[in-house]
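Working notes for the structure below.
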Amino acid sequence: MIEAVANLLKVLNSETEPGQISLALCLSMIAGLTPTLSPHNLLVLLLVLVLRVNLSAFGLGWAFFSAVAYLLDPLFHRIGLAILTAPSLTGMWTGLYNTAWFRLDRLNNTVVMGSLVFSLIAFIPGFLLFNLLIRRYREHILGWVRKTRLMRAIQASQFYQIYQSVSGWRGGAA
Amino acid sequence: MKGWIRWKGLIAFAVVVIGIVLVWFLVVDAVVRRTIESLATRAVGARVDLAKADLSLFPTGLALSGLAVTNPDSPMTNAIEIGQMKMDLDPGYLIRRKVIINTMQVEGVRFNTPRQTSGEMPELAAKRAARKAATMADVSNAAVEKVCGRFTMPSLTKPDVKAILAQESLESLALANSLDETLKAERVRWEKELERLADKKTLEAYRQRIDKITGSRSLGALVGAAGDIQQLQADIQKDLNLLKQAQRTFTSDFKTYQQQVRDLASAPRQDIDRLMNKYSLSPTGLANMSQLIFGEQLCGWVQNLAVWYGKIEPYIGQVPGRADNAPQEQTPLRGEGKNILFPETPPMPDFLIRNLKVNAAVTAGNLTGKAENLTLDQHILGRPATFAFLGREMERIDALDLIGTADFIVPDNPKNNARLNIQGLGLNNLPLVREGSLPLTLKQATGDLRLNLETVGRVLDAGLKADFGAVEFLSDTGGGQTAIAEAIQSAMAGVDRFNLSADIAGTLDAYTVTIRSDLDKLLKSAVGSLVKKEADRFQAALNQQITQRLEGPLTQVKDSMAGLGGIESELAERLNLGDDLLKDLKLPF
């Protein structure tokens, strides 16, 4: 747990482009909120590996969003049910239902469909929001955090030793 | 943009995918094997072992070797053992999570093979025992009796009339006693009724009033008494009306009782007929001996079929309710959402075996067969299941052909048919009648058998024809048998061939089995006259004893009836008196 928090601080405090961190978090949102073994997560994995996004941020984000997904399942179910049973979309879903990839990805399942639609819709706003938050953190909070007594105490603690040990890691490419 | 692309990531992705595929290849067979073992063990309630599972992708298929299913009732025996099962799966449908098996080959099927270790699963056995309150045999025996009734062989011993009448209640006797009590009660009731009506004393008082009025000779006095005369007439008429009404009611009741007394005379006949059927082998019963001899065995087989069909039918005939094009919801496990089902083109069931080839070793020998369109969702597939099995040079059968169709396309109205031809069927030590009066076993016989069976909905229609030769019946009563039993035994001992035909008609829940055989004619000619003579003697003895027992009660009934006849006379007498009074009471003008 300590190592994970240290990792997060390291990523946020590094020189890594905020966009790379935000994109990693947004992709982890898809992988984390939707069922892990869904085939579309292979595509997410491909994007994560091919695009120069921060892998640590992706890993942390995946763990976080996977935990959050359990809480949001009822919401995803309702979204998925509304979408899949919408009379105006029945024709389209019937056509897609008869395709192999739709069935392979279990997109006729309310939780799968609801979580995928939710994470896709939240992708762009999430990207912009994460970008903004990271920039704000680096501009306003990072300096203040470093000067606090608490941070100094932490710097003298085992926690800081761990932080230091990972601070040599390369950002971005991770 | 260049800074955003990490081309080495492609290699990493390829490594990850290859890693996943490798792991899948390494563990998938073990996972499939364990999954099949686990699910089947839970379903059967006893250990199911699978030696090897091999799932291949190109071509997509599954091969299972060494499948052994423990018999839950006998853990040291395998109910079924299958050497090899090869399945050719349709990959397109597998992606859609449907198991469509294009061809399935089953080799080395054996039944009731011994196990080296016990296949009992204590935790599952306890659950199973709780579910299984009655054994299959119990259910079947009870059901046979319920559907077909008891195939009871009439007693062949010389009946003891006195002993029979001591334990049997006679309907005629009960009827006579009941009627006597009714007549006595009626008499009491009518005597009270007579007290309420105008009696002779009342009518005599009317006479005195008439005499008083008509005693005066003067015309003036008579004219003055006109009012009194009219009043008197009205009073008499009122009483007479009541008497007439009572007479009408009584006459009607009396006729009913007279009819009941007449019916009582024929009541002993019904008692005699009933006791004859129960205790005597009648010539009519003899004409239907084959029903008694083969009925229990045949009905048991049919009932077993009906019970198994009843167990399977709910699974085949179930419809999840997706007749229209509207999306349907499937309730999944908690937290897993719901699967919304849409119409498919073409519609395809979740599980289907298009072609099944079986090579099975049953007790009688090797049986090969094929079946097509095996699925629990025929209403989706739109095609019926067909099957054909062939057996040659089997242990007790020269040749066997079984073909049939199971059509559940319309689940509410399933149509099934099967045709079974067996040539050279050898039967040994087949118990036919277990009752002590004439235990009968078919020691040996060889013959041909043809069975046609058809069900439409719940309606069952089946016909069986069989010809047997080299026949030997065995009957051992253990001595002390009657002349009739001896004659039947002797006649059966001489039988070396017989034919049999059976019609089974009705519904799966209630059907009749009608059996005919040339044995009936044989038995009738062999022991018919003897049976008739014995039956006549028994009937005469019954007649005498019952008539004797009824003599007293019948006399009492007649006495009671005579007592009731006195009421009728009394009513008639009072009415005559009343009519005379009215005639004497007339105005002179």
Side-chain angles (χ1 to χ4, degrees), chain A residues 17 19-20 23 34-35 37 39 42-55 69-74 76-87 89-115 172-174, chain B residues 1-21 23-24 27-28 31 57 60 89-100 320 322 324-350 380:
Chain A
E17 274 286 314
Q20 290 175 337
L23 189 57
T34 61
L37 295 178
L42 266 181
L43 179 65
V44 172
L45 184 65
L46 176 67
L47 290 174
V48 167
L49 292 172
V50 171
L51 297 178
R52 198 175 292 279
V53 298
N54 188 282
L55 295 182
Y70 284 100
L71 301 174
L72 294 180
D73 264 358
F76 295 154
H77 166 68
R78 265 182 279 173
I79 293 170
L81 190 64
I83 293 169
L84 287 167
T85 57
L89 299 176
T90 301
M92 183 181 77
W93 295 133
T94 303
L96 290 171
Y97 187 79
N98 285 285
T99 60
W101 65 268
F102 189 86
R103 300 292 292 281
L104 184 66
D105 207 28
R106 287 178 63 221
L107 286 171
N108 63 315
N109 182 278
T110 52
V111 167
V112 177
M113 176 58 84
S115 59
Chain B
M1 187 65 194
K2 188 183 174 186
W4 279 90
I5 302 296
R6 182 164 44 194
W7 293 109
K8 286 179 185 173
L10 269 181
I11 299 167
F13 180 74
V15 169
V16 169
V17 171
I18 289 168
I20 291 170
V21 171
V23 168
W24 190 79
V27 302
V28 71
V31 169
L57 282 182
T60 313
L89 300 164
D90 189 320
Y93 283 106
L94 202 59
I95 288 172
R96 296 181 191 187
R97 298 169 194 277
K98 288 179 183 290
V99 179
I100 308 297
R322 53 156 138 172
D324 53 19
N325 287 337
Q328 301 286 325
E329 290 179 28
Q330 264 186 359
T331 307
L333 296 173
R334 181 181 168 81
E336 291 187 354
K338 286 184 177 179
N339 293 325
I340 310 296
L341 304 179
F342 296 90
E344 289 178 304
T345 45
M348 194 58 82
D350 289 341
I380 297 174

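Keep in mind that the numbers below use all heavy atoms, side chains included, and drop hydrogens, waters and symmetry copies. So you know, we letter chains A, B, ... as the sequences are listed, proteins then strands, and number each from 1.
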(message) Nearest 0.5 angstrom please: A:L104 CG to B:L94 CG, how far?
(response) 10.0 Å
(request) Give the intermediate values and the outcome of side chain to side chain contact (heavy atoms under 4.5 Å, CB included) for residues A:L49 and B:K8. (result) CA-CA 8 Å; A:L49 292 172; B:K8 286 179 185 173; over 6 Å; no
(request) Could you grab the distance from atom CG of B:L341 to atom CH2 of A:W93, nearest 0.5 Å is fine? (result) 15.0 Å
(message) As an exercise, state the distance from CD1 of B:I95 to CZ of A:R103, rounded to the nearest 0.5 Å.
(response) 11.5 Å
(message) Could you walk me through whether B:F13 and A:V50 satisfy the side chain to side chain contact (heavy atoms under 4.5 Å, CB included) test, starting with their C-alpha distance in whole Å, then the side-chain angles of each, then the deciding distance to 0.1 Å, before giving a yes or no?
(response) CA-CA 8 Å; B:F13 180 74; A:V50 171; 5.6 Å; no
(message) Check this for me: A:L71, atom CG, are more than 12 non-hydrogen atoms of other residues, nucleotides or ligands nearer than 6.0 Å?
(response) yes
(request) Would you mind checking which part of B:R97 comes under 4.5 Å of any heavy atom in chain A, side chain (CB onward), backbone (N, CA, C, O), both or neither? (result) side chain
(message) Tell me the closest heavy-atom pair linking B:I5 and A:L51, and the distance in Å.
(response) CD1-CD2, 3.9 Å
(message) Need one label for A:L23: side chain, backbone, both or neither, based on atoms under 4.5 Å from any heavy atom in chain B.
(response) side chain
(message) Using side chain to side chain contact (heavy atoms under 4.5 Å, CB included), reason through A:L46 and B:V17 one step at a time and then give a plain yes or no.
(response) CA-CA 10 Å; A:L46 176 67; B:V17 171; over 6 Å; no
(message) Can you tell me which portion of A:V48 sits under 4.5 Å from chain B's heavy atoms? Options are side chain, backbone, both or neither.
(response) backbone
(message) Any non-hydrogen side-chain atom of A:T85 less than 4.5 Å from a side-chain atom of B:K338?
(response) no
(message) Under a 3.5 Å distance rule, please check whether B:R96 uses its side chain to pair with a backbone N or O of A:N98 as donor and acceptor.
(response) yes
(message) Hydrogens and angles aside, do B:N339 and A:N108 bring a side-chain donor and acceptor to less than 3.5 Å of each other?
(response) no
